[in-house]
Undergrad: 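Shown below is the structure under consideration.
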Amino acid sequence: MKVVIVGGVAGGASAAARIRRLDETAEILVFERSGFVSYANCGLPYYIGGVIQEQEELTLQTPESFWKRFRIDVRVRHEVTAIDPTAKTVTVHALETGKVSTETYDKLVLSPGAKPIVPGVVQGELERVFTLRTVEDTLRIHDFVQKHKPKTAVLAGGGFIGLEMAENLTELGVQVTIVQRSRQLLAPFDPDMASFVHGQMRSHGVSLRMGSTVTGLQPDGESVLTLLEEGEPLRADMVLLALGVTPDTKLAKNAGLDLGVGGSIAVNDRMETSAPDIYAVGDAVEVRQFVTGQKTLISLAGPANKQGRIAADNICGGDSRFRGSQASSVLKLFDMTAASTGINEKTAQAEGLDYDKVVLFPPAHASYYPGATPLYIKALYEKGTLRLLGAQIVGREGVDKRIDVLATAIRAGMTATQLKELDLAYAPPYASAKDPVNFIGYLIENLAQGKVRQFHWHDVAALPRDGSVTLLDVRTNAEVSNGRLEGSLHIPVDELRERLGELDPAKPVYVNCQSGLRSYLACRILTQCGFTCAHLSGGYGFYQAVTQEQQRLGSIYPCGIEKV
């Protein structure tokens with residue numbers, strides 16, 4: 001059996017190694033148009049920033065090591081330019097020599113990946129304008145930074161690559177400005193949770209130009225001008241285009257293969273394309289979103305590697321299936337970590353799901369052990385079934401651990417309330433006896449059983465201020481002195497039982513505290529004393545952080561904050 005693989009990075013390299021492990025006699029030929037194979041895309045920004053110091057660390061394998069270990073023939077700087085599914089051949093262009101040849105195959109694996117989106121505003125090659133996809137791109141940026149010592153940089157795009165590059169350039173002393181068309185960074189996050197990401201970036205000196213559209217780039221001496229639709233041009237020593245990626249599917253399209261969402265390659269759960277004996281994996285293929293079941297694009301290394309292994313299994317006579325991706329991701333932002341899994345509110349609304357959410361700020365480890373910092377957690381669930389839909393976490397420690405537990409729970413089909421039953425490891429330096437993941441389950445169980453009702457930060461502005469309801473703040477005097485909801489009555493929770501006479505039982509009570517815990521306790525007191533009560537999810541701390549960011553961005557949401 002002769003297997004030809006187009007693309008030698010995540011999915012292609014995984015497929016090649018797996019085929020060899022399953023079939024010692026197979027002839028395996030990998031064509032990669034760049035000069036490197038099996039390289040760590042996600043590590044590229046960290047080489048530019050000097051965190052990864054040796055170029056060799058970026059490549060997990062070389063053509064030589066592939067041959068030595070696996071007897072796999074890897075040919076870099078070779079581009080496959082055409083496929084003939086009927087004749088079962090590929091046309092190959094050797095980029096260094098110009099030679100064009102034809103190779104036959106019994107099985108073909110396409111792993112062309114995705115290419116950076118480069119807007120039409122870029123005219124020709126600009127020396128100081130970069131994209132970041134390959135090792136060659138990385139070396140070009142690295143050499144430029146080392147040689148020219150740029151003082152300023154504009155990053156067009158606020159996704160993973162844009163933020164990783166912002167961090168690494170900032171650590172090198174570069175003044176970075178991120179230009180983002182939408183009004184938030186990190187599209188997998190909801191705008192409220194992205195507020196913490198915005199604050200983190202600004203606190204490290206990164207300027208954010210949200211709601212700005214790049215209309216042009218032009219050289220200006222030793223600088224580049226980034227032209228904006230909404231304001232004056234930005235002058236910088238370098239520009240990185242990180243506007244996202246699009247599936248690189250020209251080869252598949254020209255071969256007549258069926259295409260899917262966003263022009264991606266359509267595959268089934270065995271990673272088979274519409275043509276016999278042709279498989280496709282990685283960023284170029286459409287996948288099933290595990291939570292919604294809808295076809296989508298997910299450009300992440302984890303799914304690509306899994307798909308390469310699945311394709312290899314099936315090529316070698318197995319029956320492996322790709323069950324979908326939750327788009328689980330994690331990102332380092334200086335001394336903070338942001339992570340998500342499953343779907344966000346935008347997707348839940350688009351799918352017409354009847355969902356709700358909880359927001360909580362538990363300490364990452366036992367509060368009595370020194371150095372405890374908060375985790376900002378948001379979890380979505382389906383109301384009727386209590387199915388866990390997704391989660392987002394921002395914090396300084398323990399974020400990756402909790403998001404992986406939640407990703408596992410989603411994959412296992414657990415309900416949100418079953419999170420309270422998880423038996424998770426505990427020691428004071430690492431967690432609390434009741435882990436933050438357990439607390440998600442407790443919160444949702446209380447809501448499902450009607451023990452408490454909640455309202456959210458975006459509901460505050462619509463609450464009547466005509467005296468028909470009571471807004472109750474149960475924080476301390478010191479906390480209230482830093483601001484409170486407009487029109488709210490202040491009674492600390494520890495005084496509430498003795499001061500119930502100050503409240504009208506005929507009026508619904510909307511309670512807030514700083515984080516949501518004391519307001520829950522207050523609601524339990526009030527409910528058992530005959531009051532109708534709801535508490536503010538995430539508390540005033542979450543409300544204040546989100547609404548101040550919304551106000552900064554010119555959001556439609558009024559803040560309603562009263563300084564006292």
Side-chain angles (χ1 to χ4, degrees), residues 189-190 192-193 290-292 326 328 339-349 351-364 374-395 398-399 401-424 431-459 510-513 515-524 526-528 532-539 541-543 546:
F189 282 68
D190 289 315
D192 47 14
M193 292 297 288
F290 183 80
V291 175
T292 67
Q326 297 158 223
S328 301
S340 67
T341 187
I343 64 173
N344 57 19
E345 286 198 70
K346 180 179 180 181
T347 302
Q349 292 166 5
E351 292 295 318
L353 296 174
D354 184 19
Y355 75 96
D356 204 349
K357 57 203 173 188
V358 292
V359 176
L360 60 158
F361 300 147
L375 291 170
Y376 301 95
I377 303 176
K378 179 178 183 179
L380 276 62
Y381 65 98
E382 194 170 35
K383 287 183 180 179
T385 64
L386 299 182
R387 178 169 62 116
L388 193 60
L389 301 175
Q392 302 155 43
I393 310 178
V394 178
V399 172
K401 168 184 175 179
R402 274 59 183 228
I403 206 69
D404 283 344
V405 171
L406 292 167
T408 303
I410 291 173
R411 179 65 55 157
M414 294 176 60
T415 64
T417 53
Q418 287 177 319
L419 296 176
K420 66 186 176 64
E421 301 171 9
L422 291 178
D423 191 353
L424 303 174
S432 300
K434 294 178 180 177
D435 192 85
V437 172
N438 297 136
F439 267 110
I440 297 171
Y442 295 141
L443 278 174
I444 295 174
E445 180 183 59
N446 286 335
L447 291 166
Q449 293 179 352
K451 288 185 170 63
V452 71
R453 295 169 54 240
Q454 65 179 3
F455 63 106
H456 300 288
W457 68 269
H458 48 77
D459 298 321
Y510 291 85
V511 188
N512 78 271
C513 68
S515 66
L517 174 58
R518 285 168 291 170
S519 59
Y520 161 67
L521 298 176
C523 272
R524 291 304 303 147
L526 292 168
T527 300
Q528 294 179 78
T532 299
C533 185
H535 83 123
L536 178 58
S537 174
F542 187 66
Y543 170 84
V546 174

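In this text, all values refer to a predicted model and were calculated from it rather than measured experimentally. As a basis for the values below, the full set of heavy atoms in this structure was taken, side chains included, without hydrogen atoms, waters or symmetry mates. In this chain, residues are counted from 1 in sequence order.
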Undergrad: For residues Phe189 and Ala339, report the shortest heavy-atom separation together with the two atoms involved.
TA: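 Result for this residue pair: CZ-O, 3.3 Å.
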
Undergrad: Quick one: do Val546 and His458 satisfy side-chain contact (heavy atoms from CB on, under 4.5 Å)? Show the steps, please.
TA: CA-CA 9 Å; Val546 174; His458 48 77; over 6 Å; no

Undergrad: Say whether Glu351 and Thr292, considering side chains only, have a donor N or O and an acceptor N or O under 3.5 Å apart.
TA: no

Undergrad: With no hydrogens and no angle check, do the side chains of Gln454 and Tyr520 hold a donor and an acceptor under 3.5 Å apart?
TA: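 No, no side-chain donor-acceptor pair sits under 3.5 Å.
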
Undergrad: Measure from the side-chain N and O atoms of Arg387 to the backbone N and O of Val291, and report whether any donor-acceptor pair falls under 3.5 Å.
TA: yes

Undergrad: Run the side-chain contact (heavy atoms from CB on, under 4.5 Å) check on Trp457 and Ser537 step by step: do they pass?
TA: CA-CA 7 Å; Trp457 68 269; Ser537 174; over 6 Å; no

Undergrad: Minimum heavy-atom separation for Ser328 and Ala407, please, with both atom names.
TA: OG-CB, 3.6 Å

Undergrad: Look only at the side chain of Gln418 and the backbone of Thr415, and say whether a donor-acceptor pair between them is shorter than 3.5 Å.
TA: yes

Undergrad: Show your working on side-chain contact (heavy atoms from CB on, under 4.5 Å) between Glu345 and Lys378 and close with a plain yes or no.
TA: CA-CA 10 Å; Glu345 286 198 70; Lys378 179 178 183 179; 2.5 Å; yes

Undergrad: Could you tell me whether Lys383 sits above the aromatic face of Tyr355, with NZ or CZ closer than 6.0 angstrom to the six-membered ring centre and within 45 degrees of the axis?
TA: no

Undergrad: Determine whether a donor-acceptor pair (N or O, by modelled atom type, separation under 3.5 Å) exists between the side chain of Asn438 and the backbone of Leu419.
TA: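 Yes, because the side chain of Asn438 sits within donor-acceptor range (under 3.5 Å) of the backbone of Leu419.
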
Undergrad: Has the side chain of Asp435 got a donor or acceptor atom that lies under 3.5 Å from a matching backbone atom of Val437?
TA: yes

Undergrad: How far does NZ of Lys357 sit from OH of Tyr381, to the nearest 0.5 angstrom?
TA: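 If I round to the nearest 0.5 Å, the distance is 11.0 Å.
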
Undergrad: Minimum heavy-atom separation for Pro362 and Pro436, please, with both atom names.
TA: CG-CB, 3.5 Å

Undergrad: State the CG-CG distance between Leu353 and Asp356, to the nearest 0.5 angstrom.
TA: 12.5 Å

Undergrad: Is the distance between the ring centroids of Phe455 and Tyr510 under 6.0 Å?
TA: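 Yes, the ring centres sit under 6.0 Å apart.
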
Undergrad: Please confirm whether Arg411 makes a cation-pi placement over Phe290, using NZ or CZ under 6.0 Å from the six-membered ring centre and within 45° of the ring normal.
TA: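 Here Arg411 passes the 6.0 Å and 45° test against Phe290.
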
Undergrad: Would the distance check show the side chain of Thr347 and the main-chain N or O of Ile343 forming a donor-acceptor pair, the cut-off being under 3.5 Å?
TA: no

Undergrad: Show, in sequence, the C-alpha distance, side-chain angles and deciding distance for Glu445 and Lys451, and conclude whether the salt bridge (Lys or Arg N to Asp or Glu O under 4.0 Å) test is met.
TA: CA-CA 8 Å; Glu445 180 183 59; Lys451 288 185 170 63; over 6 Å; no

Undergrad: What I'd like to find out is whether the side chain of Leu388 reaches to under 4.5 Å of the side chain of Leu406, using heavy atoms alone.
TA: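 The answer is yes; the side chains approach within 4.5 Å.
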
Undergrad: Check Gly342 against Ile410 and note the closest heavy-atom contact, atom names and distance.
TA: CA-CD1, 4.4 Å

Undergrad: Using side-chain heavy atoms (C-beta onward) and a distance below 4.5 Å, is His535 in contact with Asn512?
TA: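 They are not in contact (no side-chain heavy atoms under 4.5 Å apart), so the answer is no.
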
Undergrad: Between atom CG of Asp459 and atom NE2 of His456, what is the distance when rounded to the nearest 0.5 Å?
TA: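 Here the interatomic distance stands at 6.5 Å.
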
Undergrad: Say whether, by atom type as modelled, one donor and one acceptor occur between the side chain of Asp404 and the main chain of Lys401 under 3.5 angstrom.
TA: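 No; zero donor-acceptor contacts below 3.5 Å.
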
Undergrad: Would you compute the distance between atom CD of Gln528 and atom SG of Cys533 and round it to the nearest 0.5 angstrom?
TA: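 Reported value, rounded in 0.5 Å steps: 11.5 Å.
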
Undergrad: Would you mind reporting whether Lys420 and Phe439 have side-chain heavy atoms less than 4.5 Å apart?
TA: no

Undergrad: When rounded to the nearest 0.5 angstrom, what distance separates CD in Gln326 from CD1 in Ile403?
TA: 10.0 Å

Undergrad: Step by step, would you call Lys346 with Asp190 a salt bridge (Lys or Arg N to Asp or Glu O under 4.0 Å)?
TA: CA-CA 7 Å; Lys346 180 179 180 181; Asp190 289 315; over 6 Å; no

Undergrad: Which atom names give the shortest non-hydrogen contact between Phe361 and Ile377, and what distance separates them?
TA: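 Looking at all heavy atoms of both residues, the shortest contact is CD2-N, 4.5 Å.
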
Undergrad: Would you say Thr527's side chain and Arg524's backbone share a donor-acceptor pair under 3.5 angstrom?
TA: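 Not at all, since once roles are kept as given, no pair shorter than 3.5 Å links the two residues.
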
Undergrad: Ignoring hydrogens and angles, state whether a donor on the side chain of Gln392 or Asn344 is under 3.5 Å from an acceptor on the partner side chain.
TA: no

Undergrad: Do Arg453 and Leu447 pass the side-chain contact (heavy atoms from CB on, under 4.5 Å) test, and can you show the C-alpha distance, the side-chain angles, and the key distance before you say yes or no?
TA: CA-CA 6 Å; Arg453 295 169 54 240; Leu447 291 166; 5.7 Å; no

Undergrad: What pair of heavy atoms forms the shortest contact from Leu380 to Ala348, and how long is it?
TA: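 Here Leu380 and Ala348 meet closest at CD2-CB, 4.4 Å.
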
Undergrad: Hey, which of Ile393, Ile440, Leu424 is the one that makes side chain to side chain contact (heavy atoms under 4.5 Å, CB included) with Arg402?
TA: Ile393

Undergrad: Give, for atom OH of Tyr376 and atom CG of Leu360, the distance between the pair rounded to the nearest 0.5 Å.
TA: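 It is 12.0 Å, given to the nearest 0.5 Å.
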
